[in-house]
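Remarks on the structure that follows.
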Amino acid sequence: RRFLLHGNPLLADWVTSHIGDEWITDLSQISKLKIYADDEKAQQEFLNIKYKNKVRLAKYIKEHNGIEVDPRSIFDVQVKRIHAYKRQLLNVFKIMDLYNQLHDDPERDILPHTFIFAGKAAAGYVFAKEVIRLICSVAQLVNNDPICQGKIKVVFIENFNVSKAQIIYPAADISEQISTAGKEASGTGNMKFMFNGAVTLGTLDGANIEILEQVGRDNVCIFGLTSEQVMNYYLDGSYLAFTQCKNDLRLQRITEQLTNGHFAGVGGDFWGIYDPLLRNNDEYFVLKDFDSYVKAWNSLSDLYRDEAAWRKV
């Protein structure tokens with residue numbers, strides 16, 4: 001509850017004004033908010049609070065990263081320890097695909113999105129540090145490309161800690177909880193995002209399962225392999241990453257960009273990512289879940305276009 005009570009005082013006060021303050025010590029009381037789910041006045045009040053929190057985060061990003069982001073854009077956020085199974089890479093590939101789409105068709109109708117990452121890698125975890133380098137390289141490429149202006153921005157918030165979390169969580173519209181199914185023991189970040197009014201985009205993994213049970217499938221967006229399917233692939237060895245990539249032109253293009261000099265001017269090549277995916281057979285099924293993930297993400301973007309529908313989620 002701390003990340004609502006202390007990190008999001010505007011929303012915490014709003015909750016208290018509607019159902020009293022017993023929720024602070026008895027979380028089950030939060031269910032009293034259900035009666036306001038279809039209340040247009042309450043929905044608009046919530047959206048106004050969300051916007052103020054996005055303005056606060058946008059100000060922080062401008063001051064500390066030197067990047068101007070639009071608080072009216074969708075804040076799509078993935079904040080967690082950098083690890084292969086947590087699949088920040090899947091998120092980055094989605095952004096690279098959007099970048100490629102815009103270069104193929106600069107007039108393509110894309111709702112403005114701000115993609116926000118934060119998290120730390122273990123000191124000796126080379127792959128995780130490569131992923132951070134890729135995120136920052138994609139950010140530099142996208143944020144300085146005239147074709148992407150007004151459509152997509154990418155931000156990596158450095159030195160993630162609790163103080164920064166209390167600014168980030170309240171501002172999120174979409175909470176990226178996209179770990180490989182069966183790998184996440186539980187997870188608390190998704191709970192903090194949910195408590196601050198972000199819509200979960202995730203796999204059936206960790207606390208996402210409990211969130212789904214509590215809020216219903218209409219209020220989360222689930223995609224990808226199940227833990228049983230993942231285990232079956234491990235056991236029978238039938239998954240072939242090279243074939244998966246070969247059969248999807250988007251993935252062919254993205255993986256080629258890792259090593260063909262596409263990032264030469266901003267971050268160099270990324271053989272340290274390419275090899276685990278295509279030579280070591282994509283242990284965490286980034287390529288396998290890509291299509292399902294993009295479709296789920298697109299469904300959320302479409303929902304955001306319908307403000308009345310988005311307010312209810």
Side-chain angles (χ1 to χ4, degrees), residues 3-4 7-8 11 43 46-47 49-58 61 69-80 86-99 110-119 135 138-139 142 151-157 160 165 167-179 184 187-208 211-212 215-224 289-290 292-313:
F3 281 88
L4 176 53
N8 196 347
L11 185 57
Q43 291 171 354
F46 169 79
L47 288 183
I49 291 169
K50 176 66 71 175
Y51 179 74
K52 290 177 182 178
N53 286 324
K54 291 169 74 172
V55 169
R56 179 177 65 166
L57 179 56
I61 290 171
V69 301
D70 183 1
R72 292 177 296 274
S73 66
I74 302 175
F75 278 21
D76 184 322
V77 185
Q78 188 174 17
V79 170
K80 52 183 71 252
K86 292 180 182 289
R87 300 200 296 188
Q88 285 87 359
L89 189 57
L90 183 58
N91 194 350
V92 181
F93 277 9
K94 173 193 67 191
I95 300 168
M96 290 172 68
D97 182 48
L98 281 173
Y99 172 86
I110 294 178
L111 278 178
H113 276 74
T114 300
F115 298 100
I116 298 168
F117 296 84
I135 293 169
V138 170
V142 166
K151 293 183 177 179
I152 53 176
K153 286 282 181 75
V154 183
V155 179
F156 185 87
I157 295 176
F160 179 66
I167 300 173
I168 297 170
Y169 288 128
D173 292 307
I174 296 175
S175 164
E176 298 266 359
Q177 306 297 330
I178 58 178
S179 58
E184 191 74 80
T188 58
N190 44 7
M191 302 179 200
K192 294 165 189 169
F193 276 114
M194 182 192 65
F195 260 69
N196 282 278
V199 179
T200 300
L201 169 61
T203 54
L204 283 173
D205 194 39
N208 291 349
I211 290 172
L212 174 62
V215 305
R217 190 168 282 272
D218 290 342
N219 297 301
V220 293
C221 190
I222 299 296
F223 74 93
D289 273 347
F290 177 77
S292 176
Y293 170 59
V294 169
K295 286 176 179 174
W297 180 83
N298 280 328
S299 72
L300 279 186
S301 294
D302 290 342
L303 185 66
Y304 194 89
R305 291 178 185 272
D306 184 347
E307 183 178 310
W310 182 263
R311 287 200 306 256
K312 294 180 180 180
V313 178

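The figures here come from the full heavy-atom set of this structure, side chains too, leaving out hydrogens, waters and symmetry mates.
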Using side-chain contact (heavy atoms from CB on, under 4.5 Å) as the criterion, list what pairs up with [X], not counting sequence neighbours.
| X | value |
| --- | --- |
| Asp306 | Ala308, Ala309 |
| Phe223 | Arg87, Leu90, Ile178, Leu201, Thr203, Asp289, Ser292, Tyr293, Ala296 |
| Asn219 | Val215, Val313 |

Residue of the set Asp205, Asn190, Asn208 for which side-chain hydrogen bond (donor to acceptor under 3.5 Å, both in side chains) holds with Ser179: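 The side-chain hydrogen bond (donor to acceptor under 3.5 Å, both in side chains) with Ser179 is passed solely by Asp205 among Asp205, Asn190, Asn208.
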Name the one of Glu176, Gln177, Gln88 that satisfies side-chain hydrogen bond (donor to acceptor under 3.5 Å, both in side chains) with Lys80?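 Of the listed options, the one satisfying the test is Gln177.
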Gap separating the [atom1] atom of [X] from the [atom2] atom of [Y], nearest 0.5 angstrom:
| X | Y | atom1 | atom2 | value |
| --- | --- | --- | --- | --- |
| Ile110 | Ser301 | CD1 | OG | 9.0 Å |
| Ile168 | Asn53 | CD1 | CG | 12.5 Å |
| Ile152 | Asp76 | CD1 | CG | 11.5 Å |
| Arg305 | Leu111 | CZ | CG | 3.5 Å |
| Leu300 | Ile74 | CG | CD1 | 8.5 Å |

Sequence neighbours left out, what passes ring pair (Phe, Tyr, Trp, His ring centres under 6.0 Å) with Tyr169? Give chain and number order.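 Per chain and number, Tyr169 pairs via ring pair (Phe, Tyr, Trp, His ring centres under 6.0 Å) with Phe3, Phe193.
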In chain order, what residues pass the ring pair (Phe, Tyr, Trp, His ring centres under 6.0 Å) check against Tyr99, with sequence neighbours excluded?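 Tyr99 satisfies ring pair (Phe, Tyr, Trp, His ring centres under 6.0 Å) with His103, His262 once adjacent residues are dropped.
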Atom of [X], atom of [Y] and distance for their closest heavy-atom approach:
| X | Y | value |
| --- | --- | --- |
| Ala58 | Pro71 | CB-CD, 4.5 Å |
| Phe160 | Ala118 | CD1-CB, 3.8 Å |
| Ala198 | Lys50 | N-NZ, 4.1 Å |
| Phe46 | Leu11 | CD1-CD1, 3.8 Å |
| Thr114 | Asp70 | OG1-O, 4.2 Å |

Test of understanding: with side-chain hydrogen bond (donor to acceptor under 3.5 Å, both in side chains), list the residues that count as partners of [X], not counting sequence neighbours.
| X | answer |
| --- | --- |
| Trp310 | none |
| Ser299 | none |
| Lys52 | none |

Trp297 and His113 aromatic ring geometry - parallel, tilted or perpendicular at 30°/60° bounds: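 Tilted: the ring planes of His113 and Trp297 meet at 30° to 60°.
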Identify, with sequence neighbours excluded, every residue that meets salt bridge (Lys or Arg N to Asp or Glu O under 4.0 Å) alongside [X].
| X | result |
| --- | --- |
| Arg217 | none |
| Lys54 | Asp173 |
| Lys86 | Glu184 |
| Asp97 | none |

Is any side-chain heavy atom of Asn8 closer than 4.5 Å to a side-chain heavy atom of Phe195?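 Answer no - side chains too far apart.
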Does the side chain of Tyr304 reach to within under 4.5 Å of the side chain of Val199, using non-hydrogen atoms?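 No, side chains not in contact.
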Phe117: which of Val155, Val77, Asn91 passes side chain to side chain contact (heavy atoms under 4.5 Å, CB included):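 Exactly one option meets the side chain to side chain contact (heavy atoms under 4.5 Å, CB included) with Phe117, and it is Asn91.
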Would Phe115 and Ile135 count as a side chain to side chain contact (heavy atoms under 4.5 Å, CB included) if you check the C-alpha gap in whole Å, the side-chain angles of each, and the deciding distance to 0.1 Å? CA-CA 10 Å; Phe115 298 100; Ile135 293 169; over 6 Å; no
